[in-house]
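Keep in mind that this is a model prediction, so the values were computed, not measured.
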Amino acid sequence: MSAGQKSTEGDRGRRGRRRSIHSHQAVLAATITVLDRVGYSALTMEAVAATAGVGKATIYRWWPSKASLVIEALEAVVPAPRTVSTGDTRTDVRAIVQAAVDDYVNTPLGPNLAVIAADAPTDPAAADRLAALLGARRAAHASVLLAAAGRGDLPHDVDVHLLLDIITGTLVHRALLGVAPDDHTIDQLADLIVAGTPPRVAPRTQT
């Protein structure tokens with residue numbers, strides 16, 4: 001056997017076996033299942049392995065930390081940024097609020113974001129991946145608000161990041177309390193941002 005062949009085999013051994021696509025997808029799906037069931041803090045690699053039907057060593061070989069595993073799994077279920085500027089500020093802002101609902105309420109991201117963000121810095125690669133996951137949608141939404149400011153529909157010096165914090169913070173807070181946002185909540189947030197209209201309690205339905 002040549003020295004080149006030995007080197008190649010040695011490199012392959014250090015990298016570990018190539019991932020099985022089927023097992024990889026099974027682990028990511030299992031991660032979301034366990035995350036939905038017990039939350040990030042109680043999630044263990046052992047529980048994910050058992051749910052996915054793979055060995056625990058397989059998970060540790062592919063993902064160096066729990067944060068890296070969960071963040072990659074979330075990438076598969078959190079919708080890609082898709083907000084666009086239509087030129088109608090009220091419509092655009094409502095779409096931003098709805099997108100935030102889809103991202104932070106209709107996926108396990110919102111209820112687990114605080115603990116994931118606290119844990120991710122122990123794995124710099126995971127922290128970078130989380131920043132990219134959150135930053136891409138934030139940049140997309142900020143660009144829509146800046147376009148509205150460019151049209152004069154919002155102040156030219158509007159703090160778009162604070163506005164996005166108001167939207168996300170409200171939705172994540174309510175998600176933590178188990179309160180699902182309805183159309184009234186989405187409309188109220190949009191009106192608050194576009195027109196400064198103070199939110200009002202939704203009228204009760206007569207029975």
Side-chain angles (χ1 to χ4, degrees), residues 11-12 14-84 96-146 160-173 175-176:
D11 290 343
R12 186 181 299 119
R14 285 191 295 270
R15 289 194 300 266
R17 290 183 299 174
R18 181 175 298 176
R19 294 187 186 188
S20 158
I21 295 177
H22 174 76
S23 296
H24 183 244
Q25 294 303 317
V27 170
L28 295 180
T31 300
I32 295 300
T33 297
V34 177
L35 189 63
D36 269 332
R37 187 167 65 234
V38 303
Y40 182 83
S41 296
L43 181 145
T44 64
M45 299 294 215
E46 291 82 357
V48 172
T51 303
V54 302
K56 182 176 66 174
T58 296
I59 297 181
Y60 280 109
R61 184 169 62 246
W62 293 345
W63 289 277
S65 68
K66 180 168 78 170
S68 65
L69 170 62
V70 170
I71 292 166
E72 183 174 343
L74 285 170
E75 288 174 342
V77 298
V78 176
R82 62 203 176 282
T83 304
V84 296
I96 288 175
V97 180
Q98 182 62 63
V101 171
D102 295 339
D103 293 344
Y104 295 100
V105 179
N106 296 340
T107 75
L109 177 59
N112 294 285
L113 180 56
V115 285
I116 295 172
D119 192 32
T122 61
D123 180 348
D128 289 345
R129 198 158 187 168
L130 178 62
L133 175 65
L134 301 178
R137 54 207 7 88
R138 194 173 181 88
H141 296 164
S143 69
V144 174
L145 296 176
L146 289 172
V160 296
H161 294 292
L162 182 56
L163 291 184
L164 294 175
D165 287 344
I166 291 170
I167 295 171
T168 304
T170 299
L171 297 174
V172 170
H173 174 73
L176 290 171

### Ala127: partners by side chain to side chain contact (heavy atoms under 4.5 Å, CB included), with sequence neighbours left out
Ala120

### Message
Enumerate the side chain to side chain donor-acceptor pair (under 3.5 Å) contacts for residues 27-39, please, sequence neighbours excluded, ordered by first and then second residue.
### Response
none

### Message
Run the side chain to side chain contact (heavy atoms under 4.5 Å, CB included) test against Glu46 and tell me which residues pass, sequence neighbours left out.
### Response
Thr44, Lys56, Tyr60

Under 3.5 Å, which donor-acceptor pairs do the side chains of residues 129-137 form with other protein atoms, sequence neighbours left out?
from: Arg129; atom 1: NE; to: Glu75; atom 2: OE1; distance (Å): 3.0
from: Arg129; atom 1: NE; to: Glu75; atom 2: OE2; distance (Å): 2.8
from: Arg129; atom 1: NH2; to: Glu75; atom 2: OE1; distance (Å): 2.9
from: Arg137; atom 1: NE; to: Asp103; atom 2: OD2; distance (Å): 3.0
from: Arg137; atom 1: NH1; to: Leu133; atom 2: O; distance (Å): 2.6
from: Arg137; atom 1: NH2; to: Pro79; atom 2: O; distance (Å): 2.1

### Query
Looking only at heavy atoms, which two atoms of Ala175 and Val105 are closest? And how far apart?
CB-CG2, 4.5 Å

### Query
So do Val54 and His22 actually touch side chain to side chain, heavy atoms under 4.5 Å?
no

### Query
To the nearest 0.5 Å, what is the distance between CG (Leu171) and CD (Gln98)?
9.5 Å

#### Entry: Gln25: partners by side-chain hydrogen bond (donor to acceptor under 3.5 Å, both in side chains), with sequence neighbours left out
none

### Query
Nearest 0.5 Å, what's the CG-CG distance between Leu163 and Leu145?
6.0 Å

## Note on the structure
Separation between NZ (Lys66) and CG (Leu43), nearest 0.5 Å, reads 5.5 Å

### Message
Quick check: do Asn112 and Leu74 have side-chain heavy atoms less than 4.5 Å from each other?
### Response
no

### Query
Among all residues two or more places apart in sequence or in another chain, which pass the side chain to side chain contact (heavy atoms under 4.5 Å, CB included) test with Val172?
Tyr104, Thr168, Leu176

### Task
For Ser68, check side chain to side chain contact (heavy atoms under 4.5 Å, CB included) against everything at least two apart and list the hits.
Trp63, Pro64, Ser65, Asp123, Ala126

### Query
Excluding sequence neighbours, so at least two apart, what forms side-chain hydrogen bond (donor to acceptor under 3.5 Å, both in side chains) with Asp128?
none

